[in-house]
Amino acid sequence: MTNYDNDGLGPEGSYFEAKARQEEQAKRRKSNATFPIKITILYLVLGAVFNLWHPGWLLFLTIPLHYMHPKSLTDLLTNPVMITLIYLVLGFFFHLWHPGWLIFLIIPLWPILRSK
């Protein structure tokens, strides 16, 4: 049995740190379970009250982003799902389809730039 298998004490050696980590994981599981429901309710409200059915469906692209749990803002912004969402927002709201497609170049270029 390794230190990581011990539920009472974490690798840090503190019962309270292990307990806080367990509470954070429980909170994250609850958030993961309710997030698609919240997005669906928000979509229905936007559609029914404000007649924003068309751009409202973009909210559903936030569901995979929520489950990915990026470690940093750059991980979030360079994610292919986020890049697609940004492209669609640029196109639908600002009519920037033509220069907007250039954002897709971030997907292959970011790992190259990050490695240097």
Side-chain angles (χ1 to χ4, degrees):
M1 185 158 105
T2 65
N3 287 342
Y4 298 106
D5 294 333
N6 189 352
D7 288 333
L9 294 176
E12 306 85 17
S14 169
Y15 168 78
F16 297 106
E17 289 174 355
K19 185 76 170 165
R21 188 171 54 246
Q22 288 175 348
E23 290 173 1
E24 182 182 329
Q25 288 173 349
K27 195 184 304 184
R28 180 175 275 188
R29 279 193 300 273
K30 184 177 180 182
S31 173
N32 284 345
T34 59
F35 189 75
I37 296 167
K38 292 175 186 176
I39 291 297
T40 303
I41 291 169
L42 181 59
Y43 170 71
L44 292 173
V45 168
L46 284 174
V49 176
F50 300 106
N51 199 24
L52 294 174
W53 298 104
H54 167 56
W57 65 267
L58 292 172
L59 289 172
F60 290 107
L61 290 176
T62 64
I63 294 174
L65 291 172
H66 175 76
Y67 288 110
M68 290 178 192
H69 302 293
K71 293 176 183 65
S72 67
L73 183 61
T74 56
D75 286 345
L76 176 67
L77 292 176
T78 58
N79 185 307
V81 177
M82 179 60 94
I83 289 173
T84 303
L85 180 61
I86 292 169
Y87 171 71
L88 291 173
V89 167
L90 285 173
F92 289 139
F93 292 107
F94 304 107
H95 305 288
L96 295 173
W97 297 105
H98 168 57
W101 67 267
L102 292 170
I103 197 168
F104 284 107
L105 294 175
I106 292 173
I107 297 171
L109 292 177
W110 179 248
I112 296 168
L113 294 173
R114 188 177 56 193
S115 67
K116 294 188 182 217

Can you name the residues that form a side chain to side chain donor-acceptor pair (under 3.5 Å) with Thr62, not counting sequence neighbours? none
side-chain contact (heavy atoms from CB on, under 4.5 Å), that's the test. Do Trp57 and Leu59 meet it? Break it down for me. CA-CA 5 Å; Trp57 65 267; Leu59 289 172; over 6 Å; no
Nearest-0.5 Å distance, [atom1] of residue [X] to [atom2] of residue [Y]:
X	Y	atom1	atom2	result
Trp53	Asn51	CH2	CG	8.0 Å
Ile86	Leu58	CD1	CG	12.0 Å
Leu85	Leu90	CG	CG	9.5 Å
Asp75	Met82	CG	CE	11.5 Å

Not counting sequence neighbours, which residues clear side-chain contact (heavy atoms from CB on, under 4.5 Å) with [X]? List them please.
X	answer
Val81	Pro64, Leu65, Met68, Asn79
Glu24	none
Ile63	Phe35, Pro36, Ile39, Phe60, Tyr67

Using a 3.5 Å cut-off and no angle test, enumerate the donor-acceptor pairs between side-chain atoms of residues 106-116 and protein atoms at least two apart in sequence or in another chain.
{"residue": "Ser115", "atom": "OG", "partner": "Pro111", "partner atom": "O", "Å": "3.4"}
{"residue": "Ser115", "atom": "OG", "partner": "Ile112", "partner atom": "O", "Å": "2.8"}

Return a table of donor-acceptor pairs under 3.5 angstrom between the side chains of residues 93-104 and protein atoms on other chains or two or more places apart.
{"residue": "Trp97", "atom": "NE1", "partner": "Gly91", "partner atom": "O", "Å": "3.3"}
{"residue": "His98", "atom": "ND1", "partner": "Trp101", "partner atom": "NE1", "Å": "3.4"}
{"residue": "Trp101", "atom": "NE1", "partner": "His98", "partner atom": "O", "Å": "2.6"}

If we ignore hydrogens and angles and just use 3.5 Å, is the side chain of Ser31 paired with the main-chain N or O of Lys27 as donor and acceptor?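 No.
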Quick one: does Gln22's side chain get under 4.5 Å of Lys19's, heavy atoms only?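 Side chain of Gln22 against side chain of Lys19, heavy atoms only: contact under 4.5 Å found.
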Can you check whether Ile37 reaches Thr40 side chain to side chain, under 4.5 Å on heavy atoms?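 Heavy-atom side-chain distance check fails, nothing below 4.5 Å.
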